[in-house]
**Q** 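Okay, handing you the structure first.
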Amino acid sequence: MLLRHPLFLSSAMLLASCATAPENTWSSQSMSENKPASQAVAQAAPAMAAYSARFIKGDLWNRPALSARDRSLVTLSALISRNDRTELADYLNLALDNGVTPGEIAESLTHLAFYAGWPNATSAAVTTQAVFAARHIDFSRLPGADVAPLPLDEEGEAKRAAMVEQNFGHVAPGVVKYTTEALFRDLWLRPGLAPRDRSLITVSALVTAGQVAQVPYHLNRAMDNGLTQEQAAEVLTQLAFIAGWPNIFSALPVFKEVFTSRQPA
Amino acid sequence: MLLRHPLFLSSAMLLASCATAPENTWSSQSMSENKPASQAVAQAAPAMAAYSARFIKGDLWNRPALSARDRSLVTLSALISRNDRTELADYLNLALDNGVTPGEIAESLTHLAFYAGWPNATSAAVTTQAVFAARHIDFSRLPGADVAPLPLDEEGEAKRAAMVEQNFGHVAPGVVKYTTEALFRDLWLRPGLAPRDRSLITVSALVTAGQVAQVPYHLNRAMDNGLTQEQAAEVLTQLAFIAGWPNIFSALPVFKEVFTSRQPA
Amino acid sequence: MLLRHPLFLSSAMLLASCATAPENTWSSQSMSENKPASQAVAQAAPAMAAYSARFIKGDLWNRPALSARDRSLVTLSALISRNDRTELADYLNLALDNGVTPGEIAESLTHLAFYAGWPNATSAAVTTQAVFAARHIDFSRLPGADVAPLPLDEEGEAKRAAMVEQNFGHVAPGVVKYTTEALFRDLWLRPGLAPRDRSLITVSALVTAGQVAQVPYHLNRAMDNGLTQEQAAEVLTQLAFIAGWPNIFSALPVFKEVFTSRQPA
């Protein structure tokens, strides 16, 4: 199909990355990517295909509460958390069309290696490598180990480290060590993905994995990092269709409590 | 193999759908479907194959507390919730042999798109499409968007909507909107799958995903919709072998509380 | 590649199984197994590859708190619990290199059929069968149904059975029946995997599945069966990189409570 020609997609991506507000949230070329899967749904579950057209493609992705770019990050995080690869290539292409850069995708995989597990991120990397190759993305320009770290909030980090050390230092010293060295004094300081976006995909991964106990810390961090309450709420709307309704209804009371606790008295 | 000839399977299915109480709960043709997987188990984990023969095939599926048809719905829901496709084709064939109709399977996929997430249902649709095609099932007769809805219990739905609106209307308006519009005023009213069966697969999905917080609402709804306590309990027995023991022991106290709360004082 | 020649691997395994403390925790031949996956990570997420080299391969696997053999059991259990097959073959080969015997792997699959679900263990068996075949492992020597059981702690088992019967006997009699007959009077008595190792993979499966409610019983059992507190803590460190950080932080308070409750007053 003509639209899928790599060069076309590559320029489509460049255009999308440059645009301030990319208009093609769910573009026709992305829609056609995974023909076998969408055709299978249309044939084996036609009502599901109809719901998809009515609620997801023409509605959810255009809701103003969250940009299409952010919805793409949320969706990728959920798919990687679920270790789902059936539609991952489609959503990677859609993310690139929606303005997520290749570097941000590479950082997201790295981030989710820690927050969804190495095997999930590894599986996702296999699909990502193929998508990047098809779009002639230059691998050598993706961020590696040597980057200039963002400035560290020494006070906040000292407080976090002290609390974790006090709670779990004698329980699991190895976990505490890597949490400080690998996560909070390294991964979170990498400049390739904004702290607000790291928080966005972390919260998405937590909701998708049903790990609501970790939501208060990371949702507060997300909102401290710039995610608005309206956006955070809409993350749940987006995730309802990917992680499924039950996970969202388990997360709702926790989100509510965080929202309430942040309101001025 | 002769038994797998599409025409034979197709007539086997027709016979099974017509019979009131299909006798072949785990028929020889289904057993032979996924030869590589069952042969791999027999070779690499012979004790597991022996347990399978002793406890699952010759025992669990014949327990009278739950029909083989219901066990098939429970099993499909659990496999789709887990996004497991290794044996999905076998269990789809077994479900058809056990009297689940193609239309009910299509509705189950649609239902689980909401309750287990779109990606899981999409992956399952790919396998389902292939199984339906091999059995010469007529895709054009599967239920689409335009169906006459079941009557709505306006009072019960108004109560549900009011409670959710009060709890979460200001927290995540998008979730609340789709929950009403897409789920309770649309999906649950589709006639292709009985409300009792929708509840059966919803509860199975919840237990398999470890989402016990959502069990009380849906288990009560299931029992209001006609699932008996004995059947509900046996759903857990069936799921023990699919979702694994830990999920079942996490669900047991929640089931117990629901059962107790419904007993006459 | 020369190192992957089946005969070489087969002898490497034999050597590893005989050695008291196998030195090759993450051997070069295992590293090269899944070239596509590790190459994809290196290309699509170079920072993740760098973290992997820095924290996992050269560091985590050499920490003295847990042997490489135990780390392999933990890792296999987590991968099977996650139903992840992208790197399962690599980790099966690594486990064999690290001294886990083919019989112990077969028993682990059988054990996890109950604790992670039949479909997950079945998928894993497909990969295991291929790995065993490539290493010329003799399937006929793997333990089947007929083995001399370990002696049963009748008193402890009677207490466990009584508690479960009292709590859930009237809730789900089928679950209670199979829990006694299949699990505690059969599976756990099989001699092919030491009770301490069964507990090790059970706890690993629970943490990976996020089923912390079941951790106290099984972590206590693990420690009664010989797992030290230092080893149990390090299981969490190992799992952080496989199951992801959120699951570990949800498990930490539960581990802490078990550790505390076992300390002499």
**Q** Given a strict heavy-atom distance threshold of 4.5 Å, which part of A/Ala116 is in contact with chain C: side chain, backbone, both, or neither?
**A**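 Only the backbone of A/Ala116 comes within 4.5 Å of chain C.
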
**Q** I'd like to know which of C/Ala53, C/Pro246, C/Ala50, C/Ala240 tops the heavy-atom pair count under 4.5 Å against chain A.
**A**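 Among C/Ala53, C/Pro246, C/Ala50, C/Ala240, the one with the most close pairs to chain A is C/Pro246.
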
**Q** Indicate yes or no: at least one non-hydrogen side-chain atom of A/Val203 is less than 4.5 angstrom from one of A/Phe255.
**A** yes

**Q** What I want to find out is whether C/Arg135 reaches C/Asp97 closely enough, with some N-O distance under 4.0 Å, to be called a salt bridge.
**A**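 Looking at C/Asp97 together with C/Arg135, the answer is yes, because their closest N to O distance falls below 4.0 Å.
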
**Q** Which atoms of A/His170 are under 4.5 Å from chain C, going by heavy atoms: the side chain, the backbone, both sets, or neither?
**A** backbone

**Q** Given heavy-atom pairs under 4.5 angstrom as the criterion, report whether the side chain, backbone, both or neither of A/Val176 touches chain C.
**A**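 No part of A/Val176 comes within 4.5 Å of chain C.
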
**Q** So which of A/Ala213, A/Ala113, A/Ser123 has the biggest tally of heavy-atom pairs under 4.5 Å with chain C?
**A** A/Ser123

**Q** So which part of A/Asp186 gets closer than 4.5 Å to some heavy atom of chain C, the side chain, the backbone, both or neither?
**A**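 Both backbone and side chain of A/Asp186 come within 4.5 Å of chain C.
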
**Q** Answer with yes or no after comparing the ring centroid distance for C/Phe249 and A/Tyr217 against a 6.0 Å cut-off, counting only values under it.
**A**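 For C/Phe249 and A/Tyr217, the ring centres are not under 6.0 Å apart.
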
**Q** Please identify, among A/Leu112, A/Leu142, A/Thr128, the residue contributing the most non-hydrogen atom pairs under 4.5 Å to chain C.
**A**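 Heavy-atom pairs under 4.5 Å are most numerous for A/Leu142.
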
**Q** At a 4.5 Å cut-off on heavy atoms, which part of A/Leu206 comes close to chain C: side chain, backbone, both, or neither?
**A** side chain

**Q** Between chain A and each of C/Arg54, C/Arg63, C/Glu234, count heavy-atom pairs under 4.5 Å; write down the option with the most.
**A**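 The answer is C/Arg63.
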
**Q** With the side chain counted from C-beta on, respond yes when A/Gln129 and C/Gln39 share a heavy-atom pair under 4.5 Å apart, and no when they do not.
**A**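 In short, these two side chains do not touch, never coming nearer than 4.5 Å.
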
**Q** For chain A, which of C/Ala44, C/Ala78, C/Ala233, C/Ala65 has the most heavy-atom pairs under 4.5 Å?
**A** C/Ala44

**Q** Chain C: which of A/Ala182, A/Ala209, A/Ala145 shares the most heavy-atom pairs with it under 4.5 Å?
**A**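 Between A/Ala182, A/Ala209, A/Ala145, the count favours A/Ala182.
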
**Q** Please classify the contact between A/Ala121 and chain C as side chain, backbone, both or neither, with a heavy-atom cut-off of under 4.5 Å.
**A** both

**Q** Check whether A/Pro143 gets within reach of chain C through its side chain, its backbone, both or neither, counting any heavy atom under 4.5 Å.
**A**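 Backbone only.
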
**Q** As an exercise, state the distance from CG of A/Leu189 to CG of A/Leu183, rounded to the nearest 0.5 Å.
**A**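 Result: 10.5 Å between the selected atoms.
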
**Q** Using non-hydrogen atoms and a 4.5 Å limit, figure out which bit of C/Leu236 sits close to chain A: side chain, backbone, both or neither.
**A** both

**Q** For C/Leu79, is it the side chain, the backbone, both, or neither that has a heavy atom closer than 4.5 Å to a heavy atom of chain A?
**A**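 Interface part for C/Leu79: side chain.
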
**Q** Could you tell me which of A/Ser81, A/Gly117, A/Ala124, A/Ala172 has the largest number of non-hydrogen atom pairs under 4.5 Å with chain C?
**A** A/Gly117

**Q** Could you tell me the separation between the OG atom of C/Ser38 and the CD atom of C/Gln43, rounded to the nearest 0.5 Å?
**A**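 Going from OG on C/Ser38 over to CD on C/Gln43, the span is 10.5 Å.
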
**Q** Once rounded to the nearest 0.5 Å, what's the spacing between atom CZ of A/Phe132 and atom OG1 of A/Thr127?
**A** 11.5 Å

**Q** Between C/Ser52 and chain A, with a heavy-atom cut-off of 4.5 Å, which part of the residue counts as in contact: side chain, backbone, both or neither?
**A** both

**Q** Is A/Phe114 close to chain C through its backbone or its side chain, or both, or neither, when contacts mean heavy atoms under 4.5 Å?
**A** both

**Q** Side chain, backbone, both or neither: which part of A/Ile105 has a non-hydrogen atom closer than 4.5 Å to chain C?
**A** neither

**Q** At a 4.5 Å cut-off on heavy atoms, which part of C/Phe259 comes close to chain A: side chain, backbone, both, or neither?
**A**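 For C/Phe259, the side chain is the part near chain A, not the backbone.
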
**Q** Is the shortest distance from a Lys or Arg side-chain nitrogen in C/Arg69 or C/Asp197 to a carboxylate oxygen in the other one below 4.0 Å?
**A** yes

**Q** What are the two closest non-hydrogen atoms of C/Ala40 and A/Ala125, and how far apart are they?
**A** CB-O, 3.7 Å

**Q** Atom CG of C/Asn120 and atom CD1 of C/Ile80: how far apart are they, to the nearest 0.5 Å?
**A** 8.5 Å

**Q** Taking all atoms of both residues into account, what is the closest heavy-atom pair of A/Asp84 and A/Glu87, and its distance?
**A**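 It is OD1-N, 3.8 Å.
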
**Q** Starting at CZ of A/Arg185, measure out to OG1 of A/Thr179 and round the result to the nearest 0.5 Å.
**A**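 These two atoms lie 13.0 Å from each other.
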
**Q** Counting heavy-atom pairs under 4.5 Å to chain A, which of C/Leu252, C/Asn83, C/Ile248, C/Asn247 comes out on top?
**A** C/Leu252

**Q** Side chain, backbone, both or neither: which part of C/Gln229 has an atom under 4.5 Å from a heavy atom of chain A?
**A**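 Side chain only.
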
**Q** Any chance you could measure A/Tyr115, atom OH, to A/Gln211, atom CD, to the nearest 0.5 Å?
**A**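 Output value for this atom pair is 13.0 Å.
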
